[in-house]
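In what follows, a structure is listed as structure tokens, so that the remarks can point back to it.
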Amino acid sequence: MSASSRARATPTPLQSLLQNAPSLLLAPVPLAVLQPLFTRIATHVAQSRPELFARLGPHAGKRFLIDPIDLPFVLVLTPDATRPSLTAHRRHERPIHDAGIAGTFFNLLDMIDGSLDGDALFFSRDLRVSGDTEAVVALRNALDDFEGSALDSVVGSFGLLSGPAALALSGLRAVRGK
Amino acid sequence: MSEAQGYQKPELVCPAGTPAALRAAVDAGADAVYCGLQNATNARNFPGLNFTPAELDQSLAYAHARNAKVLLAVNTFPPAGKFEMWGEAIDRAAKLGVDAVIVADMGVADYAARTHPNLRLHLSVQAGASSPEAIRYYCEEFGIKRVVLPRMLTVAEIAELHRQIPCEIEAFVFGNIGMMAEGRCSLTNYVTGLSTNMDGICSPAADVHYEEDAERNLTTRLGEYVIDRFACGESAGYTTICKGRYLCGAQTGGYYAFEEPVSLNLSALLPDLMRAGVTALKIEGRQRSRAYVKSVVSAFRKAVDDIMAGRDAAFASLLALTEGRRETEGAFPSKRWR
């Protein structure tokens, strides 16, 4: 199934419930509990792929608002080579940022992971870009040069939790109809 | 139908904006991959895109180990007094052993031919050479071995051209279809001060702005100019002037005065192109992701292999990857495509 047809397919009630599971499950979770996870992701990517920052050029250090529209929080990514950060915020906090990227959690994830095309998501209106467009283009191109699966690399860094995390993601992907 | 029935197997020439995209193209069946350096010497000089010399070296090794070629695009026009960067790109291409360099500027072609006589040269679409006289001139003066034709010729015209020129023909089969005057377009320069032809940037991202209102209507701007307004749910296109929707007296409402947001897809014309004498089929899209590269290259690889084996080409739909989610055969069947 193609990227856009997958994004536009009408889900069954059960699929709908399961697709909303991440949002429903994460809504009551304090962001302070999730923050160590995001910090680990940022640190792992920075350590395993330092060349990413060269591709970002002058845009390394800018603040990117990543808005998974179906999750109850947004993320601010600062791809600074020496102090990378990925912080979670409630949407109403409106964190300061230079550029914004919004889409469903899995569309964003699959774009970062190299299995969906960002331009195609933009054409189908499944991806929204705001603010500093040049910074977004640089980030997209830098992430697209990730060797293999960025997601597998990050999940693999979770140690004992790698197995359950991979299982949970594959389960969610399955109900999403991939 | 098969090779014995008149088809010569064409080379599938595929885009790569990053080393990961190059590997994706090779793994998906590209016969050749074209790419550029991280500067104004190529026509996709976009932020975060292209290759460092070290990456190009590693990518050459990857491709050659899998019997794929690597072509380096040095296909912009050096401004007066700034030739050095283009000369260095040619020298580097020769030193690293790329399989061919794609050039557009006569000065660059001349430098390459004189300095590196064994370096194979292809004439970029940016040169805009479409007549037998022009193409023969490039062949005779600079030893051009292949011409990438502008997207303004019909298949019948390509077949006729093939009989009159001494070099191979490369034709676009998928991807962006812009103004029908490649290498001559100054629309971006007019608005942003940066040149597609000399800086390698059409619609620089720094000048592109998106505004979406509460009803999800999207306004796209280049600099201070509105390029298009897309209603909620309406498929969008690139923020290029040639794909803009404008108000003009002769039309009611917004009108795509130059070209519509649409992508070229010649999958149905592949047998005709192969019969017309096209040596290489080119996929556009160095600015696109490795996901795009993998999907498009895989689809065309299978189609070409099917045709060569005498099978009907079962072509995967690529509509989801097209600009504006629409595709066209452009001028290839007829000049009256609009």
Side-chain angles (χ1 to χ4, degrees), chain A residues 1-9 49 51-60 62 67 69 79 99-102 107 110-150, chain B residues 16-24 38 46-52 54-55 176 203-212 216 218 220-222 230-239 261 263 285-296 316-326:
Chain A
M1 187 180 284
S2 70
S4 291
S5 58
R6 185 166 64 232
R8 291 172 185 280
R49 286 305 305 272
E51 64 271 29
L52 181 148
F53 301 101
R55 281 200 177 273
L56 281 167
H59 304 292
K62 287 190 176 172
D67 184 355
I69 56 174
I101 308 163
N107 277 346
D110 286 349
M111 184 176 67
I112 291 168
D113 210 29
S115 55
L116 279 186
D117 179 69
D119 287 15
L121 288 172
F122 173 78
F123 297 150
S124 64
R125 307 289 300 278
D126 291 311
L127 185 75
R128 279 178 272 165
V129 174
S130 58
D132 186 340
T133 309
E134 185 175 71
V136 172
V137 171
L139 179 66
R140 188 277 306 267
N141 289 334
L143 290 172
D144 202 56
D145 193 35
F146 206 100
E147 179 65 54
S149 164
Chain B
T18 63
L22 182 141
R23 291 189 293 272
Q38 291 179 343
F46 296 168
L49 209 65
N50 292 318
F51 291 62
T52 64
E55 288 171 342
N176 185 41
S203 295
D207 290 293
V208 171
H209 305 287
Y210 302 115
E211 299 160 14
E212 196 165 280
R216 291 218 60 197
L218 174 65
T220 62
R221 295 178 191 274
L222 184 65
F230 301 100
C232 175
E234 184 182 9
S235 296
Y238 285 124
T239 311
S263 291
R286 284 195 285 133
Q287 75 283 12
R288 301 291 292 264
S289 67
R290 57 189 159 126
Y292 165 95
V293 168
K294 182 180 178 183
S295 296
V296 179
S317 172
L318 298 171
L319 193 63
L321 293 166
T322 57
E323 182 178 4
R325 296 173 58 77
R326 292 176 55 210

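By convention in this document, chain letters (A, B, ...) are assigned in the order of the sequence lines, proteins followed by strands, and residues within each chain are numbered from 1.
Between chain A and the residues B/A236, B/A21, B/A316, the most heavy-atom pairs under 4.5 angstrom are made by B/A236. Of all the listed residues (A/V136, A/L52, A/D132, A/V137), the one sharing the greatest number of non-hydrogen pairs under 4.5 Å with chain B is A/V137. Between chain A and the options B/K294, B/Q287, B/R288, B/E211, the largest number of non-hydrogen pairs under 4.5 Å is found for B/R288.
Proximity to chain A involves both the backbone and the side chain of B/E323, based on heavy atoms less than 4.5 angstrom apart. Both the backbone and the side chain of A/D144 come within contact range of chain B, judged by heavy atoms closer than 4.5 Å. Of the atoms belonging to A/L143, it is backbone heavy atoms, and not side-chain ones, that fall under 4.5 Å from chain B. Heavy-atom distances place no part of B/L22 under 4.5 Å from chain A, backbone and side chain included. If you measure heavy-atom distances from B/R216 to chain A, the contacts under 4.5 Å come from both the backbone and the side chain. Proximity to chain A is absent for every atom of B/T52, based on heavy atoms less than 4.5 angstrom apart.
For the pair B/Q38 (side chain) and B/N50 (backbone), a donor-acceptor distance under 3.5 Å is present. Looking only at distances, a side-chain donor or acceptor of A/R55 sits under 3.5 Å from a matching main-chain atom of B/G48.
Between B/Y238 and A/F123, the ring center distance clears the sub-6.0 Å criterion.
Between A/R125 and B/E234 there is no salt bridge, since none of the side-chain N atoms of the basic residue sits less than 4.0 Å from a carboxylate O of the acidic one.
To the nearest 0.5 Å, the span separating OH on B/Y210 from OG1 on A/T133 amounts to 5.5 Å.
For the pair B/V208 and A/V129, the minimum side-chain heavy-atom distance is 4.5 Å or more.
Of the N and O atoms on the side chains of A/D126 and A/S124, at least one donor lies less than 3.5 Å from an acceptor on the other residue.
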